[in-house]
2 protein chains.
Amino acid sequence: MKPKLNDVAKLAGVSPTTVSRVLNNRGYISQETKDRVQEAMQQLNYFPNDVARSLFSKRTNLIGLIIPTTSNPFFGELTFHIENICASLGYKLLICNSLNQLDKEEAYVDMLMRNQVDGIIVGTHNRGIVNYDQKNIAVVAIDRFLSNTIPVVGSDNYMGGKMASELLIDKGCQHILHINGPVELETPASLRRKAYEDVMAQHGREAITYEVHDPFNQQNHYQPIQRLLDEHPEVDGLFASNDLVAASFISQAKKRGKRVPEDIRVIGYDGTDTTRNLLPELTTIQQPIQEIGRAAVELLIKEIDGQFSDVPRETYLPVKLIEASTV
Amino acid sequence: MKPKLNDVAKLAGVSPTTVSRVLNNRGYISQETKDRVQEAMQQLNYFPNDVARSLFSKRTNLIGLIIPTTSNPFFGELTFHIENICASLGYKLLICNSLNQLDKEEAYVDMLMRNQVDGIIVGTHNRGIVNYDQKNIAVVAIDRFLSNTIPVVGSDNYMGGKMASELLIDKGCQHILHINGPVELETPASLRRKAYEDVMAQHGREAITYEVHDPFNQQNHYQPIQRLLDEHPEVDGLFASNDLVAASFISQAKKRGKRVPEDIRVIGYDGTDTTRNLLPELTTIQQPIQEIGRAAVELLIKEIDGQFSDVPRETYLPVKLIEASTV
DNA sequence: CTGAAAGCGCTTACAG
DNA sequence: CTGAAAGCGCTTACAG
């Protein structure tokens with residue numbers, strides 16, 4: 001059987017109270033008993049049961065992370081950074097891949113609540129249906145407005161969309177199209193689209209956006225891209241709202257004999273390490289993923305600690321243009 | 001305050017025992033009290049505290065997953081599938097990115113033990129230093145021999161290495177080189193290398209392997225690949241032990257004016273969805289990631305349930321050649 | 001400096 | 001069919 005605090009107490013010839021005290025380094029204890037207790041712990045190979053501690057303290061140091069899927073490189077890297085930062089601050093991560101499915105997200109939130117997590121970081125699309133406000137728990141959202149009170153962290157989407165669109169203009173493209181996820185005004189990411197539309201308007205161009213329904217599922221890229229290429233054979237510039245879609249577009253365009261960048265210039269969004277490794281030719285707007293993760297965790301912990309007033313409602317971190325050879 | 005079981009009991013006018021019984025649907029209870037209790041739970045918005053339950057049951061339904069990093073597409077996808085399968089079986093995943101650092105891995109194992117996880121899935125390289133055998137906990141390893149008793153799950157590495165090497169031979173390559181991680185005989189993945197060496201020997205060729213020290217860090221690809229290209233300008237076939245290294249190789253070779261596949265044929269290993277999306281040209285050996293995840297979880301749960309005799313020591317799942325245009 | 005008691009929110013024998 | 005009691009492994013007032 002696993003040794004428990006009481007076993008240590010007996011072996012050391014002290015009360016459980018005393019063992020707890022040396023464990024938590026709290027209160028006055030003579031060096032002698034401290035040594036004796038520590039030796040007993042060593043001898044028994046004792047380690048404390050955090051479940052019991054949590055029951056008492058009402059703190060689990062557990063954080064729930066709900067994202068579409070770690071399979072996606074952006075979320076895979078975000079998860080890595082968030083976990084890393086959590087670990088350095090003494091928090092542990094419970095991971096939930098919702099695939100943007102509402103029923104799954106709800107089930108995950110229930111699970112997290114029952115497990116008494118101290119807070120939740122949400123990076124999914126649920127059209128605001130899951131009501132986090134009523135849950136009475138610390139929440140931070142990544143790139144998504146969940147409610148009027150839940151803080152949002154993300155990249156400077158408008159600036160990113162602007163930089164991408166203007167770059168295509170500067171390169172002399174005449175027919176610049178855009179591919180994005182489903183329109184949802186509540187998402188900061190739709191600002192990428194807004195920026196594209198604004199830039200087009202400024203230059204007297206028509207803004208044409210095609211929608212990919214679930215951008216995380218590669219299967220779903222095919223159809224809209226085919227339609228786009230069919231309906232707009234004149235396209236000579238494309239801004240995709242994420243790198244995977246940009247990659248799909250490039251493949252399909254090449255299959256039609258189009259050359260990139262000679263015939264069509266392409267720019268993506270995200271700039272993950274994985275994309276940079278696998279497709280270094282892709283010009284893209286790079287999100288500061290580590291910083292987004294850090295900000296999300298730090299703000300969440302402030303909420304957990306009750307310092308709500310220190311938490312800004314919106315935090316947008318700067319993006320960076322990575323110009324490579326598809327543009 | 002969060003309502004607790006006792007609050008429900010009071011509101012329903014029954015004992016806590018009864019509430020617990022309807023919660024767990026155990027024992028005989030009249031339909032009437034059942035209804036009354038359920039109504040009280042609804043009214044108070046009650047949900048049970050799993051921390052308290054775990055303390056009693058000595059079961060957390062928590063599984064720890066230790067991997068190098070979810071940033072890597074293989075591990076990102078593996079994590080997704082593992083979490084998915086866990087969720088469908090009522091288990092939750094605590095994620096640990098060790099970056100293959102021994103001290104981190106040890107700290108994570110400690111943390112997991114204190115949190116009373118029911119089992120651990122390990123997918124990292126630690127040269128067998130962390131002694132999982134002594135930890136007295138259910139463990140399954142992904143592609144790694146942790147000890148004589150810990151079950152291993154992985155792809156059929158030898159077959160994969162053989163298929164890759166033979167394909168290059170079949171395509172007429174004369175100078176086939178290999179890039180792999182650090183040699184460590186304890187890892188099943190070194191079978192990819194062994195297969196390459198065997199195939200070369202069978203065809204009277206010299207086997208030449210270059211090592212990338214930490215294949216998960218793209219920075220580390222550069223030097224060995226440069227050396228390879230400097231020292232073996234005659235190379236006309238390359239088998240890389242993972243797709244990211246293959247991608248790095250292709251980029252660097254192209255910068256030297258080499259054409260792929262005309263001058264050098266290249267084949268990778270892993271075949272993740274992300275690679276298939278971003279670099280569909282890459283010929284690769286695809287691992288059955290979902291099946292690996294499923295097997296790992298199912299075996300772990302068998303261990304947790306004490307059915308140790310049903311758990312095979314080694315499970316290797318079949319790989320698949322995906323032939324595209326780099327070969 | 002140290003210990004006995006009560007309690008964190010549940011569950012399960014044991015009675016009735 | 002239902003309840004009082006004890007306990008899961010810890011921690012913290014409260015005494016001394």
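Here is the naming used below: chain letters follow the sequence lines, and residue numbers restart at 1 for every chain.
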Item to complete: Evaluate side chain to side chain contact (heavy atoms under 4.5 Å, CB included) for Glu105(B) paired with Val122(B), printing each intermediate quantity in order.
Response: CA-CA 10 Å; Glu105(B) 182 161 344; Val122(B) 184; 3.9 Å; yes
Practice prompt. Please determine if a side-chain N or O atom of Thr18(B) lies less than 4.0 Å away from the OP1 or OP2 oxygen of dG3(D).
Written response: yes
Discussion item. Heavy atoms only, 4.0 Å cut-off, all strands: where does Ser57(A) land among base, sugar-phosphate and nothing?
Written reply: nothing
Response to the item:
Among dT11(D), dT11(C), dA4(C), the one nearest any side-chain atom of Ser15(A) is dA4(C)
Item to complete: Measure from CZ on Arg53(A) to P on dC10(C) and round the result to the nearest Å.
Response: 22 Å
Worksheet entry | Between P of dC8(D) and CG of Leu55(B), the distance in whole Å | 9 Å
Discussion item. Please determine whether a side-chain nitrogen or oxygen atom of Asn24(A) lies at a distance below 4.0 Å from atom OP1 or OP2 of dT11(D).
Written reply: yes
Worksheet item: How close or far is atom C1' of dC8(D) from atom CG of Asn49(A), stated in whole angstroms?
Response: 9 Å
Worksheet item: When the distance from CZ of Arg114(A) to C1' of dG9(C) is rounded to whole Å, what number comes out?
Response: 14 Å
Worksheet item: With a 4.0 Å cut-off on heavy atoms, is Ser54(B) in touch with a base, just the backbone sugar-phosphate, or nothing at all?
Response: nothing
Item to complete: May I ask you to say what Asp50(A) touches in the nucleic acid, namely base, sugar-phosphate or nothing, with a heavy-atom cut-off under 4.0 Å?
Response: nothing
Worksheet item: When all nucleic acid strands are considered with a 4.0 Å heavy-atom cut-off, which category describes Val51(A): base, sugar-phosphate, or nothing?
Response: nothing
Worksheet item: Under 4.0 angstrom, heavy atoms only, what part of the nucleic acid is Thr17(A) near: base, sugar-phosphate, or nothing?
Response: base
Item to complete: Look at the side-chain N and O atoms of Thr33(B) and state whether any lies under 4.0 Å from the OP1 or OP2 oxygen of dT2(D).
Response: yes
Worksheet entry | Asn115(A)-Thr60(A) side chain donor-acceptor pair, cut-off 3.5 Å | no
Worksheet entry | 5' priority, DNA chain D, between Ile29(B) and Leu5(A) [closest heavy atom] | Ile29(B)
Discussion item. What is the distance, to the nearest angstrom, from the CG atom on Leu23(A) to the P atom on dT12(D)?
Written reply: 11 Å
Practice prompt. Would you mind classifying the nucleic acid contact of Arg26(A) as base, sugar-phosphate or nothing, using non-hydrogen atoms under 4.0 angstrom?
Written response: sugar-phosphate
Discussion item. Arg53(B) vs Asp50(B), test: salt bridge (Lys or Arg N to Asp or Glu O under 4.0 Å). Steps then yes/no.
Written reply: CA-CA 5 Å; Arg53(B) 288 176 140 182; Asp50(B) 275 352; 3.7 Å; yes
Worksheet, complete the sentence: Contacts of Pro16(B) and Phe56(B) projected onto DNA chain D by closest heavy atom; the upstream (5') one is Pro16(B)
Worksheet item: dT2(C) P sits how many Å from Tyr28(A) OH, rounded?
Response: 13 Å
Worksheet item: Hey, does Ser20(B) reach any base, or is it just sugar-phosphate, or nothing, if we go heavy atoms under 4.0 Å?
Response: base
Worksheet item: Any side-chain N or O of Lys58(A) less than 4.0 Å from the OP1 or OP2 oxygen of dG9(C)?
Response: yes
Worksheet entry | Rounded distance [0.5 Å steps], OG1 in Thr272(B) versus CG in Leu78(B) | 11.5 Å
Fill in: Audit row: Thr17(A), Ser20(A), side-chain hydrogen bond (donor to acceptor under 3.5 Å, both in side chains) steps and yes/no
CA-CA 5 Å; Thr17(A) 309; Ser20(A) 174; over 6 Å; no
Worksheet item: Is dA15(C) paired to anything, Watson-Crick or G-U wobble with both distances less than 3.5 Å, and if yes, which nucleotide?
Response: dT2(D)
Worksheet item: How close or far is atom P of dC1(D) from atom CZ of Arg36(B), stated in whole angstroms?
Response: 14 Å
Item to complete: Using only side-chain N and O atoms of Tyr46(A), determine if any of them is under 4.0 Å from OP1 or OP2 of dG9(D).
Response: no
Item to complete: Report the nucleotide, chosen from dC10(C), dC8(D), dG3(C), that has the shortest atom-to-atom distance to any side-chain atom of Arg21(A).
Response: dG3(C)
Response to the item:
Winner on side-chain proximity to Lys4(A), out of dC1(D), dC10(D), dC1(C), is dC10(D)
Worksheet entry | Euclidean distance, atom CZ of residue Phe47(A) to atom P of dG9(D) [Å, nearest integer] | 12 Å
Discussion item. If you apply the rule salt bridge (Lys or Arg N to Asp or Glu O under 4.0 Å), what do you find for Asp118(A) with Lys92(A), and how did you get there?
Written reply: CA-CA 10 Å; Asp118(A) 293 338; Lys92(A) 302 146 261 177; over 6 Å; no
